[in-house]
**Student:** 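For reference, the structure I am asking about is given below.
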Amino acid sequence: MLDQIEYLIDGIRNVSNAIAHDLRTPLAELRSRLEELSLIRPGPEQTFAEIDSAMADVDRVIAIFNALLRLAEIDTGTRRSGFIEVDVANIASEVAEFYQPVAELQGRVLSFVSSGPLALAGDPLLLAQAIGNLIDNALKYAQENGTITVVASRHPDGGGRDRRVGRRTRHPRRRKI
């Protein structure tokens, strides 16, 4: 019984950490945008554009909350029945393509390499968010003019457990995710 309670408390602690980590950036960006708007007091056109951007930030926060709820459902086993077969290589390719302009603006190279389709049962939105989080972190912490390579390949043993995800490669200007 005490083991079960300890397990549940650890679960709550992990969820709290995940929520804080995932929401900190979009909420900080939203606050910064609104603070700047209140200080500058631009004309109506720019104000409405900033309001639209702020609403997009709020939508992003809501999407993160929804994803965290889906993760909690998966953890308890209630969501796994809703998994569908997805091509994780295709999802990774689309996410990398989405982040490509950001990488270019930062002077970094973002590339994608795939060994072909990688079918698995999962939640495509959560997979896209996880891959997006990895790319976002790589963009934040990669060296200037660095290269970030997203690799989608099957583990040599045929399973999907590749412990190399996120590990820095030997080349100091490249980060493999």
Side-chain angles (χ1 to χ4, degrees), residues 14-15 17-30 32-33 52-75 79-156 158-177:
N14 290 337
V15 168
N17 288 339
I19 290 170
H21 181 267
D22 286 347
L23 295 178
R24 182 180 315 139
T25 300
L27 288 174
E29 290 172 1
L30 176 60
S32 175
R33 175 177 281 122
D52 288 342
S53 295
M55 287 177 13
D57 286 346
V58 170
D59 289 342
R60 196 168 97 187
V61 169
I62 291 169
I64 291 170
F65 269 117
N66 289 336
L68 290 169
L69 289 173
R70 283 195 309 274
L71 284 172
E73 291 172 347
I74 288 168
D75 196 38
R79 177 76 176 179
R80 289 188 182 120
S81 63
F83 279 13
I84 60 171
E85 186 167 317
V86 296
D87 179 1
V88 73
N90 186 52
I91 292 171
S93 172
E94 290 175 357
V95 174
E97 185 178 328
F98 176 79
Y99 277 92
Q100 188 68 41
V102 176
E104 289 175 8
L105 284 172
Q106 294 180 354
R108 294 183 171 101
V109 175
L110 175 61
S111 62
F112 174 75
V113 178
S114 174
S115 62
L118 297 170
L120 58 85
D123 184 320
L125 295 175
L126 289 176
L127 290 167
Q129 183 177 5
I131 294 166
N133 286 346
L134 290 171
I135 293 173
D136 188 52
N137 283 339
L139 288 168
K140 285 179 187 172
Y141 301 110
Q143 295 176 340
E144 286 187 37
N145 300 316
T147 298
I148 301 163
T149 303
V150 179
V151 179
S153 63
R154 186 162 306 282
H155 192 269
R161 295 175 300 279
D162 190 345
R163 301 286 187 234
R164 297 174 299 153
V165 171
R167 189 182 74 186
R168 191 182 288 260
T169 61
R170 292 182 190 175
H171 191 286
R173 300 186 84 103
R174 294 179 64 140
R175 182 169 284 185
K176 189 175 189 176
I177 59 171

**Student:** In a check of side-chain contact (heavy atoms from CB on, under 4.5 Å) between Pro124 and each of Val88, Val86, Asn90, which one passes?
**Tutor:** Val86
**Student:** If I compare all heavy atoms of Gly116 with all of Ala89, which pair ends up nearest, and what's the gap?
**Tutor:** O-CB, 3.4 Å
**Student:** With sequence neighbours left out, which residue pairs that include part of residues 101-121 fulfil the salt bridge (charged side-chain N to carboxylate O under 4.0 Å, His left out) condition?
**Tutor:** none
**Student:** Nearest 0.5 Å, please: how far is CD in Gln129 from CD1 in Ile91?
**Tutor:** 12.5 Å
**Student:** By side-chain contact (heavy atoms from CB on, under 4.5 Å), which residues pair with Ser93, not counting sequence neighbours?
**Tutor:** Phe112
**Student:** Please find the pair of heavy atoms, one from Val150 and one from Ala96, that lie closest to each other, and give the distance.
**Tutor:** CG2-CB, 4.4 Å
**Student:** Would you please test Leu30 and Val61 for side-chain contact (heavy atoms from CB on, under 4.5 Å) and show each step?
**Tutor:** CA-CA 10 Å; Leu30 176 60; Val61 169; 5.7 Å; no
**Student:** Who passes salt bridge (Lys or Arg N to Asp or Glu O under 4.0 Å) against Glu94, sequence neighbours left out?
**Tutor:** none
**Student:** Holding to salt bridge (Lys or Arg N to Asp or Glu O under 4.0 Å), I want the full list of residues that pass it with Asp136, two or more places apart in sequence or in another chain.
**Tutor:** Lys140
**Student:** So, applying side-chain contact (heavy atoms from CB on, under 4.5 Å) with Ile148, which one of Leu134, Leu110, Asn137 is it?
**Tutor:** Leu110
**Student:** Return the CG to CZ distance between Leu127 and Phe83, rounded to the nearest 0.5 Å.
**Tutor:** 8.0 Å
**Student:** Say you draw a straight line from CG of Leu118 to OG of Ser153; how long is it, rounded to the nearest 0.5 Å?
**Tutor:** 7.0 Å
**Student:** Who pairs with Asp57 by salt bridge (Lys or Arg N to Asp or Glu O under 4.0 Å), at least two apart in sequence or on another chain?
**Tutor:** Arg33
**Student:** Among all residues two or more places apart in sequence or in another chain, which pass the side-chain contact (heavy atoms from CB on, under 4.5 Å) test with Pro117?
**Tutor:** Asp87
**Student:** For the residue pair Ala119 and Glu85, what are the closest heavy atoms and their distance?
**Tutor:** CB-OE2, 3.5 Å
